[in-house]
Amino acid sequence: MGKAAPAFQRLGGLKDVATFQAYLRDNGIDLPCDQQLLTGANSPLLQPVMVDGLTVGNRIAIHPMEGWDGTPDGRPTEATVRRWRRFGASGAKLIWGGEAVAVRHDGRANPNQLCIGPTSGEDLARLREVLIEEHLRTTGSAEGLVIGLQLTHSGRYSQPNVKGRPEPRVAYRHPILDQRVGVDSDAAVLSDGEIRKLIEDYHAAAKVAADAGFDFVDIKHCHGYLGHELLSAHTRGGDYGGTLKNRTRFLREITEGIRSVAPRLKIGVRLSVFDTVPFRPDPARSSPGRPGPGVPEPYEHLLPYRWGFGVNPQNPEEPDLTEAFELMRELEVLRIGLINLTAGSPYYNPHVQRPAYYPPSDGYQPPEDPLVGVARHVSAGRELRAKFERNVFVGTGYSYLQEFLPNVAQAAVREQWVDCVGLGRVVLTYPEVLWDAAHGRPQQTKKLCRTFSDCTTAPRNGLPSGCYPLDEYYKNSELHDRLKAAKAARRTT
Ligand SMILES: Cc1cc2nc3c(=O)[nH]c(=O)nc-3n(C[C@H](O)[C@H](O)[C@H](O)COP(=O)(O)O)c2cc1C
Ligand code: SF4
């Protein structure tokens with residue numbers, strides 16, 4: 001990929017599962033990993049699980065994966081439809097959200113993000129139908145297939161009108177992130193009244209999703225977008241900031257309204273359960289076009305740190321799940337049992353959110369072995385899973401595991417560290433990776449995601465997302481040349 005290689009072991013270079021297990025042991029990385037894959041009725045990955053009156057037919061989940069490829073008025077294109085087909089082809093029985101859909105125009109993360117409105121029902125129903133069609137082709141039955149839609153407002157990362165022109169709406173002023181998105185006055189801070197209006201937009205969006213046949217909606221609370229930012233609104237006054245009760249009011253009021261407009265619709269939450277301070281490339285080890293390893297932004301003058309959820313205020317590089325446990329209790333009261341655990345943000349600490357060997361163009365070289373990042377995800381899930389047994393927890397961060405993904409996924413489910421294993425990037429290249437493993441089919445190694453990060457780099461350069469290195473659809477298109485040109489231009493600046 002023409003990128004400087006970091007100094008960590010490439011997983012493709014480990015010859016077998018035993019070598020991988022030894023590598024984990026030697027490096028003190030706590031990940032479960034089964035030597036033998038079980039298949040068919042014996043596979044832990046193919047066992048059903050019940051939650052909230054729903055039966056999810058197996059333990060394979062597909063994470064929401066947006067493509068920056070909708071029309072300017074927020075409708076799906078053929079590229080969107082193709083992606084949803086691939087979600088279906090995975091054999092996963094839990095489709096977590098499809099992709100982030102903005103509940104209104106000003107909350108779109110890019111001018112090509114899907115946007116839901118009163119007339120979106122038909123488009124959404126079609127996405128759902130094509131997904132089911134492919135699912136049937138792979139599995140032969142739609143029994144136990146549970147499909148959700150992820151609803152969002154992009155908040156600080158809103159960019160609804162022009163690519164590259166941020167139009168942030170934030171929960172509070174942030175001492176590090178404001179300057180990255182051009183917030184220089186309180187005008188960008190949403191008032192309580194504006195938040196109340198936005199909550200009504202979520203209610204309306206959920207009703208459209210219910211009418212289009214979705215089983216649940218995900219009230220997105222992750223990755224630095226508005227729902228997630230409100231969870232850390234310690235410094236905000238009014239009804240939506242300060243105490244945890246206030247910081248979760250947004251979620252509560254959305255949930256209450258959905259229960260009344262769409263009583264049969266289930267609700268899930270995708271949550272960045274821990275975070276860390278924003279990272280940047282180490283200036284001392286970067287050169288033009290070649291970002292150095294990630295280092296945290298200086299924060300010593302900001303202690304105790306009050307701008308994160310799930311961080312230790314005295315050492316904000318360290319996860320602290322105390323409030324996550326409180327939030328889980330609140331979700332129990334709200335009768336929300338479907339929880340997708342993720343962490344951090346792709347904008348300000350991508351190594352936490354999606355561990356990768358190669359950084360995206362606006363990122364930095366990995367500051368740690370990406371396996372450490374995977375283990376951090378898995379360990380947080382394990383802690384929550386042990387305390388809240390009635391929930392169904394979906395785990396994140398597995399794509400980095402490559403050849404060993406099925407072995408770790410099987411062990412994590414078997415040991416009850418997690419209920420369902422979510423697939424993100426790998427679904428763009430090899431949607432059936434776990435389905436194949438659980439049916440004793442040989443792994444198609446050439447299709448494994450190698451975490452080249454082009455699916456993140458492309459949208460950062462105004463192009464649709466997709467797997468440019470491995471998926472013929474993008475590899476052979478003129479988009480590939482445009483991505484190469486954009487990367488070359490960055491290297492020379
Ligand atoms: C191209 C791309 C698009 C994504 N879109 C979404 C999204 O719409 N909603 C969301 O919650 N996460 C999104 N994510 C994050 C993934 O769902 C997932 O958390 C992340 O890729 C880590 O999982 P993995 O290691 O399996 O890739 C996206 C990630 C990528 C790379
Ligand atoms: S571009 Fe392809 S190989 Fe690279 S991270 Fe994305 S899905 Fe994986």
Side-chain angles (χ1 to χ4, degrees), residues 1 3 12 60-70 80 83-84 86-87 90 92 95-102 108-110 112-114 148-152 154 157 218-225 227-228 268-273 340-347 350-361 363 370-371 373-374 377-378 394-402 405 408-409 421-431 433-434 446-460 463-475 480 483:
M1 296 295 104
K3 295 172 180 171
I60 310 171
I62 298 301
H63 287 314
M65 293 291 289
E66 62 174 311
W68 290 258
D69 51 16
T80 323
R83 193 169 51 260
W84 282 61
R86 291 162 74 84
F87 297 159
S90 66
I95 306 297
W96 190 287
E99 64 187 277
V101 177
R108 293 167 84 186
N110 61 81
N112 297 97
Q113 184 170 46
L114 298 191
L149 190 70
Q150 184 175 62
L151 301 181
T152 192
S154 302
Y157 298 102
D218 164 25
I219 313 301
K220 185 174 188 176
H221 274 68
C222 60
H223 303 166
Y225 298 110
H228 181 211
V269 173
R270 189 159 205 224
L271 173 69
S272 277
V273 67
N340 186 321
L341 294 174
T342 173
S345 163
Y347 294 100
H351 72 288
V352 169
Q353 205 282 311
R354 49 187 78 151
Y357 198 76
Y358 302 95
S361 62
L371 278 177
V374 178
H377 274 276
V378 173
V394 179
T396 294
Y398 286 79
S399 288
Y400 182 72
L401 294 162
Q402 303 164 53
L405 198 170
V408 174
V421 170
L423 303 177
R425 289 161 294 181
V426 69
V427 83
L428 302 180
T429 63
Y430 185 8
V433 60
L434 286 179
K446 283 199 176 135
K447 288 167 72 177
L448 288 169
C449 162
R450 297 297 183 187
T451 68
F452 292 133
S453 291
D454 279 3
C455 51
T456 306
T457 293
R460 298 286 189 265
L463 297 167
S465 180
C467 184
Y468 286 71
L470 301 178
D471 181 348
E472 301 297 321
Y473 184 83
Y474 295 92
K475 203 170 162 178
H480 198 197
L483 179 63

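One-based numbering, in listed order, for ligands and for the atoms of each. Side chains are part of it too, since the values below use all heavy atoms of this structure and drop only hydrogens, waters and symmetry mates.
- Defined by atom type and a distance below 3.5 Å, a donor-acceptor pair is present between the side-chain atoms of Tyr225 and Tyr347.
- Only backbone heavy atoms of Ser453 (N, CA, C or O) come within less than 4.0 Å of ligand 2; its side chain stays farther off.
- The shortest N or O to N or O distance between Trp68 and ligand 1 is not under 3.5 Å.
- In terms of N/O distances under 3.5 Å, ligand 1 is approached by Ser399.
- Residue contacts with ligand 1: Arg425 is placed with a nitrogen or oxygen under 3.5 Å of a nitrogen or oxygen of the ligand (distance criterion only).
- Nearest heavy-atom pair, Lys475 versus Pro469, reported as atom, atom and distance to 0.1 Å: CD-O, 3.3 Å.
- Of all the listed residues (Gly424, Ser272, Pro64, Gly422), Pro64 holds the heavy atom that lies closest to atom 14 (N) of ligand 1.
- Separating the OG1 atom in Thr342 from the NE2 atom in His228 is a distance of 9.0 Å, to the nearest 0.5 Å.
- Taking 4.5 Å as the limit, some side-chain heavy atom of Val101 sits within range of a side-chain heavy atom of Leu149.
- Nearest to atom 8 (Fe) of ligand 2 by heavy atom, out of Cys449, Cys455, Gly466, is Cys449.
- Polar contact check, Ser465 against ligand 1: no nitrogen or oxygen pair lies under 3.5 Å apart.
- With rounding to the nearest 0.5 angstrom, the OG1 atom of Thr451 is 7.5 Å from the OH atom of Tyr358.
- For Glu66 and Arg83, the salt-bridge test fails: no basic side-chain N is under 4.0 Å from an acidic carboxylate O.
- Atom 2 (Fe) of ligand 2 has an N, O or S atom of Cys467 closer than 2.8 Å.
- The distance from ligand 2 to the heavy atoms of Thr429 drops below 4.0 Å at these ligand atoms: 2 (Fe), 7 (S).
- Exactly one residue among His63, His221, Gln150 makes a side chain to side chain donor-acceptor pair (under 3.5 Å) with Arg270. That residue is His63.
- The shortest heavy-atom distance from Val426 to ligand 1 is not under 4.0 Å.
- Listed here is the closest heavy atom pair of Pro464 and Ala458: O-CB, 3.3 Å.
- Checked against a 3.5 angstrom limit, the closest N/O atoms of Gln353 and ligand 1 fall inside it.
- Between Tyr398 and the choices Leu434, Val433, Val378, the side chain to side chain contact (heavy atoms under 4.5 Å, CB included) rule is met once, by Val378.
- At a 4.0 Å heavy-atom cut-off, ligand 2 touches Thr451 through the backbone alone.
- Close contacts of ligand 2 with Arg450, meaning ligand atoms under 4.0 Å from a residue heavy atom, involve 3 (S).
- When hydrogens are left out, the protein atom nearest atom 4 (Fe) of ligand 2 is Phe452 N, 3.1 Å; that is the closest non-hydrogen contact.
- Using a 4.0 Å cut-off to heavy atoms of Pro469, the atoms of ligand 2 that qualify are 1 (S).
- Looking at Arg425, Met65, Arg354 and measuring to atom 7 (S) of ligand 2, the nearest heavy atom belongs to Arg425.
- By the 3.5 Å distance cut-off applied to N or O atoms, Ala100 is counted among the residues near ligand 1.
- Between the CZ atom in Phe452 and the OG1 atom in Thr429 there is a gap of 10.0 Å [rounded to 0.5 Å].
- For atom 16 (C) of ligand 1, the closest heavy atom belonging to the protein is Met65 SD, 3.7 Å.
- Here OG of Ser345 is found 7.5 Å from NE2 of His223. Values are rounded to the nearest 0.5 Å.
- Taking all heavy atoms of Arg354, His223, Arg270 into account, the minimum distance to atom 18 (C) of ligand 1 is reached by Arg270.
- A cation-pi contact, defined as under 6.0 Å to the ring centre and within 45° of the axis, is absent between Arg450 and Tyr400.
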